Structures are given as C-alpha cells and as structure tokens.
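This is a predicted model, so every value here is computed, not measured. All heavy atoms count here, side chains included; hydrogens, waters and symmetry mates do not. Along the sequence shown, the residues carry numbers beginning at 1.
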Amino acid sequence: MNKRMPYLLLLPIILLGLLFFYGLLGGLAASFGYIPALGLRGWTFEYYLEIIQNPAFIASLGMSLWISVISSVLSLLLGVLLTAALVYSGNTRGLAVTVLKLAILIPHTIVALFSISILSQNGIIARLFYQLGWISNQTQFPQLLFTGHQFGTIAAYVWKEMPFVAYFSLALMSNINKSLGEAAENLGASKWKSFFYVTLPLSMPAIQKAFLIILTFSFGAYDLPFLLGATLPKALPVAAYVEYTHPDLLHRPYAMAANGVILAITWLMAGVYYWLTKQEKGGGHA
C-alpha cells in the first residue's frame with residue numbers, strides 16, 4: 001500500500017491534467033473546423049485565414065497587446081522600485097511582505113469592483129474632487145473606465161501585478177551580497193548608481209521572468225478587459241468569448257481560431273521564459 005500511495009496522491013492532478021489536455025485538443029480541433037456535433041467534419045485553415053483578414057480581429061489583437069505591454073511595463077517599473085525600497089529600508093520580512101502576499105491573493109474581479117468604486121465618475125476620487133471644489137459636478141471628472149484607451153483596465157492590472165513583481169524579485173534582490181554595493185559606494189558611487197549598476201543587473205533574472213509571466217497573463221486574461229474595457233474594440237479574449245456565445249453555433253470555429261492565436265502567442269512568450277531560464281542555468285554552470 002505504501003508503494004501505491006504516491007501514485008494515488010498524484011491521481012487527482014493526473015485526472016485534471018488529462019481533462020485540461022482533452023479540452024485543449026478539442027478546442028484546437030474546433031479551430032480547424034472539426035466539430036462533429038455541428039456537422040463539421042472537415043479540417044481547414046479557413047477560419048484562421050478569415051479572422052486574420054478581419055479588421056475587427058486585428059483591432060482586438062492590437063488592443064490586447066496594448067493592454068498587456070503597457071500594464072506589464074508599468075508594473076515592472078513600479079514593482080522594481082517597490083522592491084528596492086523594501087530592500088534598502090530593511091523591510092524584507094514581516095508586515096510589508098504580508099501586505100504584498102495579500103495583494104497578490106485578491107481576485108481580479110474584486111480589483112475590478114474596487115476600480116469602479118474609485119475611478120468611475122461616481123467613485124471616491126470624483127466625489128473627493130467635488131467636495132474640494134475642483135469640479136462643479138461629478139460628470140466633469142474624466143471618464144477613466146470603459147474607454148478606448150483602456151486606462152481602467154491597465155490601472156487594475158498594475159494594481160494586481162506590481163505586488164507580484166515586487167514579491168517575485170524580492171528574494172533575489174534581498175540576498176545580493178551587500179558588500180558589492182558598499183564597495184561601489186566606497187569608490188564614489190551614490191546609492192542610486194550602486195542600485196542601477198550593481199544591484200539591478202544582478203536581479204535581472206528574476207525581474208525578466210516576472211515581466212514575462214505578467215505579460216503572458218495579461219495578454220490572455222478575460223475578466224478585467226470584460227469588466228472595465230471599452231465596448232469597441234474589445235480585447236481579444238473578450239472578442240473570442242463573445243464569438244463563442246453567438247446564437248449561431250457555426251461561429252464556434254471562429255472563436256476557437258481566435259483562442260488558437262492567443263494560445264500561440266502565449267506559447268511564444270512561454271518559450272522566451274524557458275529560453276531565459278536555460279540561459280541562466282547555462283551561465284551558472286559556466
């Protein structure tokens with residue numbers, strides 16, 4: 001019985017993995033036009049070709065790239081600065097790290113509700129501006145949510161991803177030998193130069209990985225663009241979902257083809273992540 005126990009403990013994970021791959025293969029088959037339940041039994045690239053030539057698809061793809069790249073870059077910059085502040089202040093344990101963990105655990109839907117409560121024209125900031133007399137009515141507060149520039153979606157992602165970047169890179173940055181920075185400062189470098197020329201380059205492996213993780217996630221995520229994004233153009237995951245729920249079931253292959261494009265791009269990002277990991281290991285062995 002003891003010999004079988006490890007396999008029994010792994011059984012739920014194996015079953016979930018099989019279920020995941022079954023759904024993945026089913027979705028890929030549908031994207032190539034194979035859905036026997038709808039009478040579609042042929043294999044074709046037609047659906048991919050049609051969506052790639054569709055201007056609405058291109059607009060949705062561009063919107064998803066805009067959201068993911070801008071939010072990831074901002075999250076990276078703010079997260080690294082937050083990590084540096086924690087390291088240089090010596091707050092690498094205790095309450096500060098607990099707050100980071102809690103921020104990471106908050107679901108994205110709750111972040112969307114917070115964003116609406118704070119950033120909308122009826123939100124906390126608009127009411128504060130009205131009370132201070134900066135605006136004569138709340139409708140004068142700029143529309144930050146549900147607009148084409150996706151400010152609300154990007155702000156919500158930064159809210160969620162900045163703590164992740166900080167927590168992900170904190171362990172490596174806090175364990176860098178402080179004598180290296182002290183040596184640079186003894187030679188005349190300021191603390192900022194010591195950080196940018198010594199600490200930051202040594203922390204780049206963790207920072208690069210954190211960036212690729214949040215970039216991949218924000219590109220393929222559905223909830224925040226759906227709750228906070230503009231009606232048109234929709235982010236690509238939202239457009240794929242709308243196509244999937246179309247009353248005409250023959251639209252399903254188009255939805256799955258859009259999901260296939262999302263999958264291909266996220267796999268490309270995952271490949272870059274894997275390459276960076278291999279480069280890091282190869283450098284370590286050298």
When clusters are formed by joining ILVMFWY residues with side-chain heavy atoms under 4.5 Å apart, either directly or through shared neighbours, do Leu212 and Ile70 land in the same one?
-> no

Tyr274 reachable from Val272 in the ILVMFWY side-chain graph, under 4.5 Å edges = no

Distance-only donor-acceptor check, side chains Ser169 and Thr83, under 3.5 Å = yes

In sequence, state the C-alpha distance, the side-chain angles, and the governing distance for Phe219 and Val69, and then conclude on side chain to side chain contact (heavy atoms under 4.5 Å, CB included).
-> CA-CA 8 Å; Phe219 177 79; Val69 171; over 6 Å; no

Going from CG on Leu24 to CG on Leu263, what distance comes out if it is rounded to the nearest 0.5 angstrom?
-> 6.0 Å

Give a yes or no on whether the ring-centroid distance for Tyr241 and His246 is below 6.0 angstrom.
-> no

Side chain to side chain contact (heavy atoms under 4.5 Å, CB included) evaluation trace for Leu215 with Met269 | CA-CA 8 Å; Leu215 180 68; Met269 295 176 180; 4.0 Å; yes

Within-4.5 Å side-chain heavy-atom neighbours: Tyr273 and Thr216 | no

Considering only heavy atoms from C-beta outward, does the side chain of Ile207 approach that of Val165 to under 4.5 Å?
-> no

Indicate yes or no: at least one non-hydrogen side-chain atom of Phe114 is less than 4.5 angstrom from one of Leu119.
-> no

Search all heavy atoms of Pro253 against all heavy atoms of Leu40 and return the closest pair with its distance.
-> CG-CD1, 3.9 Å

Hey, is OH on Tyr222 packed in by over 12 heavy atoms from elsewhere, all under 6.0 Å?
-> yes

Please report the shortest heavy-atom distance between Val158 and Pro163, naming the atom on each side.
-> O-CD, 4.1 Å

Is there side-chain contact between Tyr48 and Ser31, with at least one heavy-atom pair below 4.5 Å?
-> yes

Connected via hydrophobic side-chain network under 4.5 Å: Ile104 and Leu82 | yes

Min side-chain heavy-atom separation Tyr244-Asn259 under 4.5 Å = no

Is it true that Leu268 and Ile58 fall in one hydrophobic cluster, defined by side-chain heavy atoms closer than 4.5 Å?
-> no

To the nearest 0.5 Å, tell me how far Gln150 CD sits from Leu144 CG.
-> 12.5 Å

Following the transitive rule for hydrophobic clusters with a side-chain heavy-atom cut-off under 4.5 Å over Ile, Leu, Val, Met, Phe, Trp and Tyr, establish whether Trp134 and Phe141 coincide in one cluster.
-> yes

Flag, side chain of Lys160 to backbone of His108, donor-acceptor distance under 3.5 Å | no

Let me see the working for Ile118 and Trp159 under side chain to side chain contact (heavy atoms under 4.5 Å, CB included), right down to the final yes or no.
-> CA-CA 12 Å; Ile118 295 172; Trp159 185 349; 4.1 Å; yes

Mark yes or no for whether Trp66, through its side chain, and His149, through its backbone, hold a donor-acceptor pair below 3.5 Å.
-> yes

Which atom pair, heavy atoms only, marks the closest approach of Ser115 to Leu145?
-> O-CD1, 4.0 Å

Check whether any side-chain heavy atom of Leu86 sits under 4.5 Å from a side-chain heavy atom of Leu100, and report yes or no.
-> yes

CZ-CZ distance between Phe151 and Phe146, expressed to the nearest 0.5 angstrom | 13.5 Å

Heavy-atom check, side chain of Phe32 versus side chain of Met256, under 4.5 Å = no

Of all heavy-atom pairs linking Leu78 and Met162, the shortest is CB-SD, 3.3 Å

Under 3.5 Å, side chain of Glu243 to main-chain N/O of Tyr254, donor-acceptor pair present?
-> no

Beyond-backbone contact of Ser72 with Ser218, side-chain heavy atoms, under 4.5 angstrom | yes

Should we count CZ of Phe164 as having more than 12 external heavy atoms under 6.0 Å?
-> yes

Heavy-atom pair with the smallest gap, counting every atom of Ser60 and Lys234 | OG-O, 2.9 Å

Reported CG-to-CG distance for the pair Leu10 and Leu15, which is rounded to 0.5 angstrom | 10.5 Å

Do Tyr157 and Ser75 meet the criterion of a side-chain donor-acceptor pair at a distance under 3.5 Å?
-> no

Nearest-0.5 Å distance that lies between atom CG in Asn122 and atom CZ in Arg127 | 6.5 Å

Looking at CG of Leu61 and CD1 of Ile52, how far apart are the two atoms once the value is rounded to the nearest 0.5 Å?
-> 9.5 Å

Minimum-distance pair of heavy atoms, taken over all atoms of Lys101 and Tyr167 = CE-OH, 3.2 Å

Does the Ser120 side chain pair with the main chain of Ser117, one donor and one acceptor, at a distance under 3.5 Å?
-> no

